[in-house]
Colleague: 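Quick one: this structure, given as structure tokens, is what I'll be asking you about.
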There are 2 protein chains.
Amino acid sequence: MGQKGAETRDRLLDATQELVETAGYFGTGLNQVIAVSGAPRGSLYFHFPGGKDQLVGESVRRAGRAIGDALGEPADTDASPAEFVDGVLRHLGDRLAESDWRKGCPVATVALETAAVNDPLQEVCSEVYSSWEAALRARLASRPDADDLAVTVLALVEGALLLARAHRSRDPLERVARQIHTLLG
Amino acid sequence: MGQKGAETRDRLLDATQELVETAGYFGTGLNQVIAVSGAPRGSLYFHFPGGKDQLVGESVRRAGRAIGDALGEPADTDASPAEFVDGVLRHLGDRLAESDWRKGCPVATVALETAAVNDPLQEVCSEVYSSWEAALRARLASRPDADDLAVTVLALVEGALLLARAHRSRDPLERVARQIHTLLG
DNA sequence: AAAACTGAATAGATCGGTCTACATATTTTT
DNA sequence: AAAAATATGTAGACCGATCTATTCAGTTTT
């Protein structure tokens, strides 16, 4: 793949992620993807012969990898798990507010839309969440119940993001942040 | 509105709730609603002149009210908040597994899809969540941080439902149930 | 008889996807 | 090095299907 081609491919994934994060899988049309990315229709099917599913699948995977990497970064030596999650919540709140409540979790909407009706995408979402759970588990390895705790922390963050988006407010993120210490203290 | 009309209206709402819970707002077509409900096309726009938004809005509100009522039921005298949430999680797990991972939260998918792109529906979802938060707050009234705790419990349950649907497994619900005691113990 | 409701036809937009012609690189042959 | 051949990528017209919404004469219910 030449350089130009790689750039077009990336622009398509960028546009897809942006749009899907805002309105979900069914709420995003390929015409929009083409318009936002500036890439022509032919290029879309050249780079993603699998069509919409492949495009969204790769886009979700890419976004998932980026976040998974961030979760897996070597912990600050003197930051407790609670402080770490606290920072994550603050960061997510910033991103959410700055994007006018468009950018929450890049996986959640697709996960809910496709869980029961699109096996390939369900699998992608499941794998992404599993990778995040693993990263959190590693961070909580000192705890005896690290497995349960990792899933619980992820559920808490995802739920807080959902409520924040639904209310168009950082409030749920802040409330959850205050309670995270009870869980991880 | 005659009796027949009321039945048709209800059947339309039933079908809408079922379909929207499975595939979301954008993933549900009015043709499907008509097919599943058995109601004629003309009746849809007779009973819901506001079109799809009104139909989905009322459907989400109705589902929200049902759950809100359940959350607000007078507590068993000798059931702790933790035991109550535990029961909710078990009930949700049953519903989810029995429906083949179709029936999770009847609000979440719509909330995420519409948060940034459909003001009327965003408002409906926000109000439903607020009512649930109020019901939970009432149940936790003995706690000094009942406000934060209610939102946190709701986030936890919503997050667990999201992960359970994404993984097509009750596992996240069970893990969260085990940790809920740390939070509410 | 009046009000409530239905059923079918239809409109115009948009959906995801296919196809072919063309342009631009890159490699191979001479 | 020039020319020919091949691979890579772009551009957009076009397809049938489906989308939400409207209309309105006819039927059923009250």
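Reminder, nothing fancy here: chain letters follow the sequence lines and each chain counts from 1.
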Colleague: Can you measure A:Leu19 atom CG to C:dC15 atom P for me and round it to whole angstrom units?
Modeller: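 Distance check: A:Leu19 CG to C:dC15 P gives 11 Å.
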
Colleague: Test question: given the 4.5 Å side-chain rule for I, L, V, M, F, W and Y, name all other residues clustered with A:Tyr45, or answer none.
Modeller: A:Leu12, A:Leu13, A:Leu19, A:Leu30, A:Val33, A:Ile34, A:Val36, A:Leu44, A:Phe48, A:Leu55

Colleague: Indicate yes or no for a side-chain donor-acceptor contact from B:Arg143 to the backbone of B:Leu184 under 3.5 Å, with no hydrogens or angles considered.
Modeller: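 Such a contact is found between B:Arg143 side chain and B:Leu184 backbone.
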
Colleague: Applying ring pair (Phe, Tyr, Trp, His ring centres under 6.0 Å), name anything that partners A:Tyr25, two or more places apart in sequence or on another chain.
Modeller: none

Colleague: Quick one: is C:dT6 close enough that its OP1 or OP2 comes under 4.0 Å of any side-chain N or O from B:His47?
Modeller: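 Answer yes for this pair, as a side-chain N or O of B:His47 is under 4.0 Å from OP1 or OP2.
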
Colleague: Is the shortest distance from a Lys or Arg side-chain nitrogen in B:Asp69 or B:Arg65 to a carboxylate oxygen in the other one below 4.0 Å?
Modeller: no

Colleague: Write out a two-atom table: protein N or O, nucleotide N or O from nucleotides 20-26 of chain C, distance below 3.5 Å.
Modeller:
none

Colleague: Hey, are B:Asp94 and B:Arg90 close enough for a salt bridge, meaning a charged N less than 4.0 Å from a carboxylate O?
Modeller: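 Salt bridge: no.
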
Colleague: For the side chain of B:Arg102 and the backbone of B:Glu21, is there at least one donor-acceptor N/O pair under 3.5 Å apart?
Modeller: no

Colleague: Are B:Phe46 and B:Val56 linked, directly or through intermediate hydrophobic residues, by side-chain heavy-atom contacts shorter than 4.5 Å (ILVMFWY only)?
Modeller: no

Colleague: Rounding to a whole Å, what distance do you find between B:Phe46:CZ and D:dT29:C1'?
Modeller: 12 Å

Colleague: Are any of A:Ser43's side-chain N or O atoms less than 4.0 Å away from OP1 or OP2 of D:dG9?
Modeller: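 Negative; the distance criterion is not met.
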
Colleague: Could you list all N or O pairs between the protein and nucleotides 17-21 of chain D that sit under 3.5 Å apart?
Modeller:
| from | atom 1 | to | atom 2 | distance (Å) |
| --- | --- | --- | --- | --- |
| D:dC19 | OP2 | B:Asn31 | ND2 | 2.6 |
| D:dT20 | OP1 | B:Thr28 | O | 3.3 |
| D:dT20 | OP1 | B:Lys52 | NZ | 2.9 |
| D:dT20 | OP2 | B:Leu30 | N | 2.7 |
| D:dA21 | OP2 | B:Tyr45 | OH | 3.2 |
| D:dA21 | OP2 | B:Lys52 | N | 2.8 |
| D:dA21 | N6 | B:Arg41 | NE | 2.8 |

Colleague: Quick check against the 3.5 Å criterion: does B:Glu158 have a side-chain atom that pairs as donor or acceptor with the backbone of B:Ala155?
Modeller: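 Side chain of B:Glu158 to backbone of B:Ala155: no pair is present.
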
Colleague: Where does DNA chain C form stems of at least three consecutive Watson-Crick or G-U wobble pairs, each pair having both distances below 3.5 Å?
Modeller: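 C:1-30 with D:1-30 - these are the stems of 3 or more pairs that involve DNA chain C.
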
Colleague: Within this structure, what is the CZ-to-P distance between A:Arg9 and D:dT8, rounded to whole angstrom?
Modeller: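 Answer to the nearest Å: 14 Å.
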
Colleague: Give every residue pair that meets the salt bridge (charged side-chain N to carboxylate O under 4.0 Å, His left out) criterion with at least one member in residues 107-123 of chain A, sequence neighbours excluded.
Modeller: A:Asp119-B:Arg168

Colleague: Under a 4.0 Å N-O cut-off, is there an ion pair linking A:Lys103 with A:Glu98?
Modeller: no

Colleague: Checking side-chain polar atoms at under 3.5 Å, does A:His47 have a donor or acceptor matched by the opposite partner on A:Gln54?
Modeller: no

Colleague: To the nearest Å, give me how far apart CG (B:Leu44) and P (D:dT23) are.
Modeller: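 Value for this atom pair: 15 Å.
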
